[in-house]
Amino acid sequence: TLGSSAPEIVSDTWQRRWAAIAQGMKHENNLMELVLFLNDAASGFCVFAILVTLVSRRIRDVGLLRCIGASRRGVMAVFLLVGLIIGVSGGALGVAAGTYLAGPTLAERADGKTLWAGGGAASTPVGAGERAADRRPRIDRWYEAATGQPLYPPRMFGVADEAGLPTVIYPWKLALYFAAAVLVSVLAAVYPAAWAACREPMSALREG
């Protein structure tokens, strides 16, 4: 009728329909980032304790190195190298294990970009003889086999696909976690390395 207001049109999107679930998953992701940070801190403390023990047990060797002409910087470099090796090996094993447990890994196209999708990669058509449930992350399948309950029940997150929640493996995040592991390990080695380098040769020999 004349003078009446136009009807309001409201579109219903999946972002609006599942806003509460998406917000909960965002908080869960932030919590996991905090757990990873605390895990890095604990790992750094473990590396620190290992290298302090190593220096205390090899103090005589440190004295011998200094007596035959090794500089303080050279002694420090030895123990920093040990920390670097621990960080590189631990970071590589962690990235490899995490990628494997998040598998199976598939290359998918999303928004014009190629992404490495982990378990639950539902956007790629299921091949012949393949079940959608087999695309769940390995850790989810192993957990269900051991306990009888899925680690992330699809219905809890409003997902009808048997593959569960789609996951994406970001290469830049893997590189960031690897770099963080190496950095934390090297930083944890600084004090033990400096402690070894500052010991006087004869004092180190006597203590050893």
Linking I/L/V/M/F/W/Y whenever any side-chain heavy atoms sit under 4.5 Å apart, do L81 and V186 land together?
->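 L81 clusters together with V186.
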Are Y191 and V47 joined in one hydrophobic group, where the rule is that I, L, V, M, F, W and Y side chains link up if heavy atoms are under 4.5 Å apart?
->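 Result: yes, single cluster for both.
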Residues in side-chain contact (heavy atoms from CB on, under 4.5 Å) contact with L54, at least two apart in sequence or another chain =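 Applying side-chain contact (heavy atoms from CB on, under 4.5 Å) to L54 gives L51, R58, F79, V82.
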Considering all heavy atoms of both residues, which atom of [X] and which atom of [Y] are nearest to each other, and what is their separation?
{"X": "W195", "Y": "V52", "value": "CZ3-O, 3.9 Å"}
{"X": "L174", "Y": "T99", "value": "CD1-OG1, 3.8 Å"}
{"X": "A188", "Y": "G44", "value": "CB-O, 3.2 Å"}
{"X": "V55", "Y": "P192", "value": "CG2-O, 3.7 Å"}
{"X": "Y177", "Y": "E33", "value": "OH-OE2, 3.2 Å"}

Is it true that a side-chain atom of S56 and a backbone atom of T53 form a donor plus acceptor pair closer than 3.5 Å?
->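 Judged by distance alone, yes, a pair lies under 3.5 Å.
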Side chain S185, main chain G83, donor-acceptor under 3.5 Å =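 Side chain of S185 to backbone of G83, a donor-acceptor pair under 3.5 Å: yes, one is there.
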Any pair with a residue in residues 34-52 that passes side-chain hydrogen bond (donor to acceptor under 3.5 Å, both in side chains), sequence neighbours left out, goes on the list, sorted by first then second residue, please.
->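 Output for this query is empty, none listed.
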Could you name each residue pair satisfying side-chain hydrogen bond (donor to acceptor under 3.5 Å, both in side chains) that touches residues 71-80, not counting sequence neighbours?
->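 Pairs touching residues 71-80 that pass the test: R72-E200.
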L80 and its side chain to side chain contact (heavy atoms under 4.5 Å, CB included) partner, picked from I85, L187, V190 |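 The side chain to side chain contact (heavy atoms under 4.5 Å, CB included) with L80 is passed solely by V190 among I85, L187, V190.
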When rounded to the nearest 0.5 angstrom, what distance separates CG in N29 from NZ in K26?
->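 Answer rounded to 0.5 Å: 9.5 Å.
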From CG (L36) to CG (L31), nearest 0.5 Å =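 The CG atom of L36 sits 10.0 Å away from the CG atom of L31.
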Got more than 12 heavy atoms from elsewhere within 6.0 Å of CZ, F178?
->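 Yes - once you tally the heavy atoms of other residues, nucleotides and ligands closer than 6.0 Å, there are more than 12.
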